[in-house]
Amino acid sequence: MRIVKTIYEVRKAVKEWKREGLTVGLVPTMGYLHEGHKSLIERAVRENDRVVVSDFVNPTQFAPNEDFESYPRDIDADAALCESAGASLIFNPNAEEMYDNALTFVDMNKITKVLCGKTRPIHFSGVCTVVSKLFNIVAPDRAYFGEKDAQQLCVIRKMVKDLNFDIEIVGCPIIREADGLAKSSRNTYLNSEEREAALCLSRALNLGRKIITGGETNTETVVKAITAEIEKEPLAKIDYVEIVDFNTLERLDSVNKPVLCAAAVYIGKTRLIDNFIME
Ligand code: PAF
């Protein structure tokens, strides 16, 4: 496995693979890789001849008041994880290589303005821009994204359709710690008291899922129950709890089609997200 820093080197490697008739999978990441990323890479390795992992903390998806500077980085540990998962290449560019005074950005309406888009208004434009660039640089057959960022997955599927990228988007299930906390690079921000408090999120969503499975179809009732469960935790401050159509992200009154039940909660200064999808 190689680590490369330039677009030129990625394109050269991918062109050689394609000349040999090999298929290519892409796993876009911001590094500080954990078991969740590993599951994406392993799936990509199973389904493609070669796998590129991009490892780039993308500045354009962070607002000035967010954690771009403090976002954890560890390329050596990332390389070890990618190697053990069977990746072929890590693309680890710097911001200049990726943006080089760029004036062009990819933007999307509607589904980027709800849920996380309400408190992070520029976030999805940054995500769409960097993911489009990675798609153009790597030209993969398939790209892999985690369902933990369910809105991101929905936005990317829409972008691929709208901009006619010839790439299959593969969504992969959330990977959790043994106690239920969804794996996230941002979990490292939590001190031990906050780590314990953070469990309120998966606990509350599990309760919501149980209520729906038990036959409740009124979304307001379910959202109220989830909210009340999170509010039992004094360190938690809710950003949102919503039940939406998984394709359009429109708020639903009733659970009568595939739904995404998503929540974002601040535990101290750390903003955590989690969700469940019901087909
Ligand atoms: O999900 C992430 O880690 C990032 O948003 C992504 C897709 C790698 C774009 O920077």
Side-chain angles (χ1 to χ4, degrees), residues 3 7 10 25-41 43-44 51-63 66-75 77-78 81-82 85 87 89-99 102 105-108 111-112 115-117 119-138 140 142-160 163 165 167-175 182-189 260 262 264 270-275:
I3 305 180
I7 294 167
V10 180
L26 169 67
V27 183
T29 82
M30 296 208 297
Y32 213 71
L33 306 179
H34 50 65
E35 291 296 316
H37 297 109
K38 195 171 184 194
S39 75
L40 303 182
I41 301 167
R43 173 138 181 214
V51 170
V52 177
V53 178
S54 64
D55 188 318
F56 175 60
V57 185
N58 172 38
T60 63
Q61 68 190 73
F62 291 80
E66 292 181 345
D67 56 341
F68 172 69
E69 295 298 340
S70 58
Y71 196 86
R73 293 157 169 90
D74 188 344
I75 187 65
D78 290 350
L81 183 141
C82 287
L89 189 83
I90 299 182
F91 176 41
N92 177 225
N94 61 25
E96 206 188 349
E97 177 71 8
M98 281 304 276
Y99 285 106
F105 289 84
V106 179
D107 207 356
M108 189 186 292
I111 61 172
T112 58
L115 304 176
C116 291
T119 39
R120 307 190 73 192
I122 63 150
H123 175 69
F124 289 109
S125 166
V127 170
C128 286
T129 303
V130 80
V131 171
S132 304
K133 288 166 75 68
L134 291 167
F135 285 176
N136 285 327
I137 293 164
V138 179
R142 298 180 191 86
Y144 295 78
F145 295 88
E147 284 177 355
K148 178 169 159 291
D149 296 299
Q151 183 175 13
Q152 170 173 281
L153 178 58
C154 181
V155 164
I156 286 165
R157 284 194 200 284
K158 181 77 178 118
M159 181 184 80
V160 162
L163 298 184
F165 282 108
I167 296 170
E168 183 191 338
I169 301 301
V170 183
C172 303
I174 298 176
I175 303 295
K183 298 238 182 200
S184 163
S185 306
R186 288 192 169 97
N187 290 349
T188 53
Y189 297 154
L260 165 68
T270 307
R271 185 172 177 282
L272 299 177
I273 56 173
D274 198 350
N275 69 74

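Heavy-atom basis, side chains included; hydrogens, waters and symmetry copies ignored. Please read all numbers here as calculations on a predicted model, not as lab measurements. We count ligands from 1, going down the list as the structure has it; atoms in each ligand are counted the same way.
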For Thr29, atoms of ligand 1 separated by under 4.0 Å from a heavy atom:
8 (C)
Near Phe135 CZ, under 6.0 Å, is it more than 12 heavy atoms from other residues, nucleotides or ligands?
yes
Examine Gln61 against ligand 1 and note whether any of their N/O atoms are separated by less than 3.5 Å.
yes
Do side-chain atoms of Arg157 reach the backbone of Ile169 as a donor and acceptor pair under 3.5 angstrom?
yes
Hey, are Tyr99 and Asn58 close enough side-chain-wise for a donor-acceptor pair under 3.5 Å?
yes
Interfacing atoms of ligand 1 (cut-off 4.0 Å, heavy-atom, Pro28):
8 (C)
Measure from NZ or CZ of Arg142 to the centre of the six-membered ring of Phe165 and say whether it is under 6.0 Å with the direction within 45° of the ring axis.
no
Looking only at heavy atoms, the pair that brings Ser39 and Gly36 closest together is OG-O, 2.7 Å
Pick whichever of Gln152, Lys133, His37, His123 has a heavy atom sitting closest to atom 6 (C) of ligand 1.
Gln152
Output the list of atoms in ligand 1 that are nearer than 4.0 Å to some heavy atom of Val130, sorted by atom number.
9 (C), 10 (O)
